[in-house]
Amino acid sequence: MAQVAHPAAPAVPITVTVNGTTYRHAVEPRTLLVYYLRDTLSLFGTHIGCDTTSCGACTVLLNGLAVKSCTVLAAQADGAEILTVEGLARDGQLHPIQEAFWLEHGLQCGFCTPGMLLTALQILQRHPDPSDPEIRRGLEGNLCRCTGYQHIVNAVRRAARELQSAPPAGAD
Amino acid sequence: MTHHIRVTVNGTEREAQVEPRLLLVHFLREVLGLTGTHIGCDTTNCGACTVLLDGRPVKSCTLFALQADGREVMTVEGLARDGQLHPIQEGFHEKHGLQCGFCTPGMMMTAYALLQRQPTPTEEEIRWAISGNLCRCTGYVNIVEAIRYAAEKLHGAPAGAGGRS
Amino acid sequence: MIPDRFEYFAPQSVPEAVGLLQRYGAEARLLAGGHSLIPLMKLRLAAPRYLIDLNRIPRLASIEEDATVLRIGALTRHAELEASELVRTRYPLLADAAHVIADPLVRNMGTIGGSLAHADPAGDWGAAMLAVRAEVVATGPRGLRTIPIDGFFTDTFTSALEPDEILTEVRVPRPQRGSGGAYLKLERKVGDFAIAAVGVSLVLDGRGTCGQVGIGLCNVAPTSLRARRAEAVLEGKKPEAAALARAAAAAAEEATPVSDLRGPAEFKRDMVRVLTARALRRALQRARGEG
């Protein structure tokens, strides 16, 4: 079946606050949020792993909700607050979730890791003291080809302990 | 017919009766229970099985245990002292010099021998020294950084010229 | 993988080792560096019933020059040859070759004697020694005999050694004034066997004409190969660009590579041409003292 390209649609103006900074751009309606973050804002920490909404490497927090940014239109983020992996560290200090991944060897190649970190934050927002099943359920949308997940779970558990005893100032 | 061997492994004398065909790597792993030395390829290629024999790095999958009789062997388990990581191990941690970790014991033993021989190696010397150790994960960059870190830690002065910061 | 069972002997002298070879004949194998033999045993492509370990015999490893030759003990490790100041400064072809055999770990164990006796056409020492016109010393029940390297490799994995002989020494003629050499190897990755490798040794006389020329080819024939016609192109001639190109082309024609994982035969043949040309230029540089 022959495909006919649709004519260009008018651009959509959006205002988005990413990691505390507000941006204004006009985007094509079809622009995915992940491409807006990577190609327009040059925030390459958010990765594209599968193009099929499966792997979760593209996970960001959108108004505090962990979403797969490959399956959200940039236009949908108009007026929203977004947190990407670049927004975790403060003044050169790693966020406890990042430290925990490092200490627990919760990453090998690192490709899934930004997505894992943001999802982990979501888990800990909802379950400050999560059980292992709760951690694993929370991570179901994030695939890892390297680790077998065990160290990721250990890292989230460790971060939970750290955050309970000393939550960082202004934590999302 | 078995043979009696005496091998000093990580400073401790070990004795055993072994078949002649017992590979050194199997002796270390299965007889002595030192499973830090890995078997990666069975074809003398990958170097995951690297240990030090009288201070020289060798592929323990391609020696018979008999060949180590009366000699000294050092494995990855011999690196840390009193619970303290060796600077090489510290380097691999600090510089993310491992992902899956499978090649890592072999890498570290080769690094140990290199730094004994050449305390301030250049990047090229490091890369040449580890050219018998394969890594499927890292692309070697962080392994080189880890070894450079260890060289600096062990010998104070910055390592040889060149390479990335 | 686990080798088949065998009985193990660690003789303390060459005569003792020879006696064991005599006794056990075709079912026995010698263990030197073991980094060709043991991999075969692990795949059970080799399954000797008796293994005679040469590594406990003293004084089989050495690197010494006398009045006429460099004498290398058979149990000398590739790494020792690589590290030798004497080899590096006076026998650069050998130093080049030592540097590219397998990898640093294998070089710690592999020996020059074992490599030559194994007679693998992919063995770098074979081609290097053909280029320098070396000879090997074999020790057996009938005493010592010297075997020129030319004619030592009789077939793939087959040498002129008798079943009861042990290769105990390699002798390389001392370099004459005006000599130079180089060994160049093309490989898919560091540590691999050669796609093709070439060793070149030559002498320039006072007028800049080539005297003796030696060209050895690695892994492009059923055995290590001496490129005689290529040598003849240059002997007695001035090594000008046209002559070098003809010699390189001749070497490529003499090679009989097979197509395999390392590349098509035509590619390997062309690489012989390229490497021969480059090795000739490098050898000439060294012969002229241009370092």
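In what follows, every heavy atom counts, from backbone to side chain, and hydrogens, waters and symmetry copies are set aside. Being a predicted model, the structure only gives us computed values, none of them experimental.
Of the inter-residue distances, the one linking B:F64 atom CZ with C:L31 atom CG reads 6.5 Å to the nearest 0.5 angstrom. To the nearest 0.5 Å, atoms SG (B:C49) and CG (C:L105) are separated by 8.0 Å.
B:S131 touches chain C through backbone and side chain together, each having a heavy atom under 4.5 Å away. For B:L22, no part lies near chain C; criterion is any non-hydrogen pair under 4.5 Å.
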CA sep, side-chain torsions, deciding dist, call: B:K59, C:D103, side chain to side chain contact (heavy atoms under 4.5 Å, CB included)
CA-CA 10 Å; B:K59 290 175 169 176; C:D103 61 59; 2.5 Å; yes

Go through B:T62 and C:M109 one step at a time and tell me if the side chain to side chain contact (heavy atoms under 4.5 Å, CB included) criterion holds.
CA-CA 9 Å; B:T62 314; C:M109 290 300 296; over 6 Å; no

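The closest donor-acceptor contact from the side chain of C:K42 to the backbone of B:L23 lies at 3.5 Å or more, if one exists at all. In terms of modelled atom types and a separation under 3.5 Å, the side chain of C:N108 and the main chain of B:R56 share no donor-acceptor contact.
Per-residue heavy-atom pair counts under 4.5 Å with chain C were compared for B:N133, B:T110, B:D69, and the maximum is reached by B:D69. In terms of heavy-atom pairs under 4.5 Å with chain C, the best-connected choice from B:T50, B:L134, B:I130 is B:T50.
For C:E187, the CD atom sits in a packed shell: over 12 heavy atoms of surrounding residues, nucleotides or ligands are nearer than 6.0 Å. Other residues, nucleotides and ligands place no more than 12 heavy atoms under 6.0 Å from the CZ atom of C:R23. In B:E124, the CD atom is not crowded: 12 or fewer heavy atoms of neighbouring residues, nucleotides or ligands sit closer than 6.0 Å. Atom CZ of C:R44 sits in a crowded spot, with more than 12 heavy atoms from other residues, nucleotides or ligands closer than 6.0 Å. Counted within 6.0 Å of OH on C:Y8, heavy atoms from surrounding residues, nucleotides or ligands total more than 12; the atom is thus considered enclosed.
Residues satisfying the side chain to side chain donor-acceptor pair (under 3.5 Å) test with C:Y50, not counting sequence neighbours, are none. Here C:F9 pairs with C:Y24 under the ring pair (Phe, Tyr, Trp, His ring centres under 6.0 Å) rule; sequence neighbours left out.
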Atom pairs and distances, donor-acceptor, side-chain atoms in residues 8-20 of chain B, under 3.5 Å, two or more places apart:
residue: B:N10; atom: OD1; partner: B:T75; partner atom: N; Å: 2.8
residue: B:N10; atom: ND2; partner: B:T75; partner atom: OG1; Å: 2.9
residue: B:E15; atom: OE1; partner: B:H4; partner atom: NE2; Å: 2.7
residue: B:Q17; atom: NE2; partner: B:T2; partner atom: OG1; Å: 2.8
residue: B:E19; atom: OE1; partner: B:R21; partner atom: NE; Å: 3.0

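Relative ring orientation between C:H99 and B:W128 is described as parallel, the plane-to-plane angle staying below 30° on a 0-90° scale split at 30° and 60°.
Within residues 74-96 of chain C, the residues having any heavy atom closer than 4.5 Å to a heavy atom of chain B are C:R77, C:E82, listed by residue number.
Put simply, the side chain of B:T44 reaches to within 4.5 Å of the side chain of C:H35, judged on heavy atoms. Within the 4.5 Å cutoff, no side-chain heavy atoms of B:N45 are placed close to those of C:K189.
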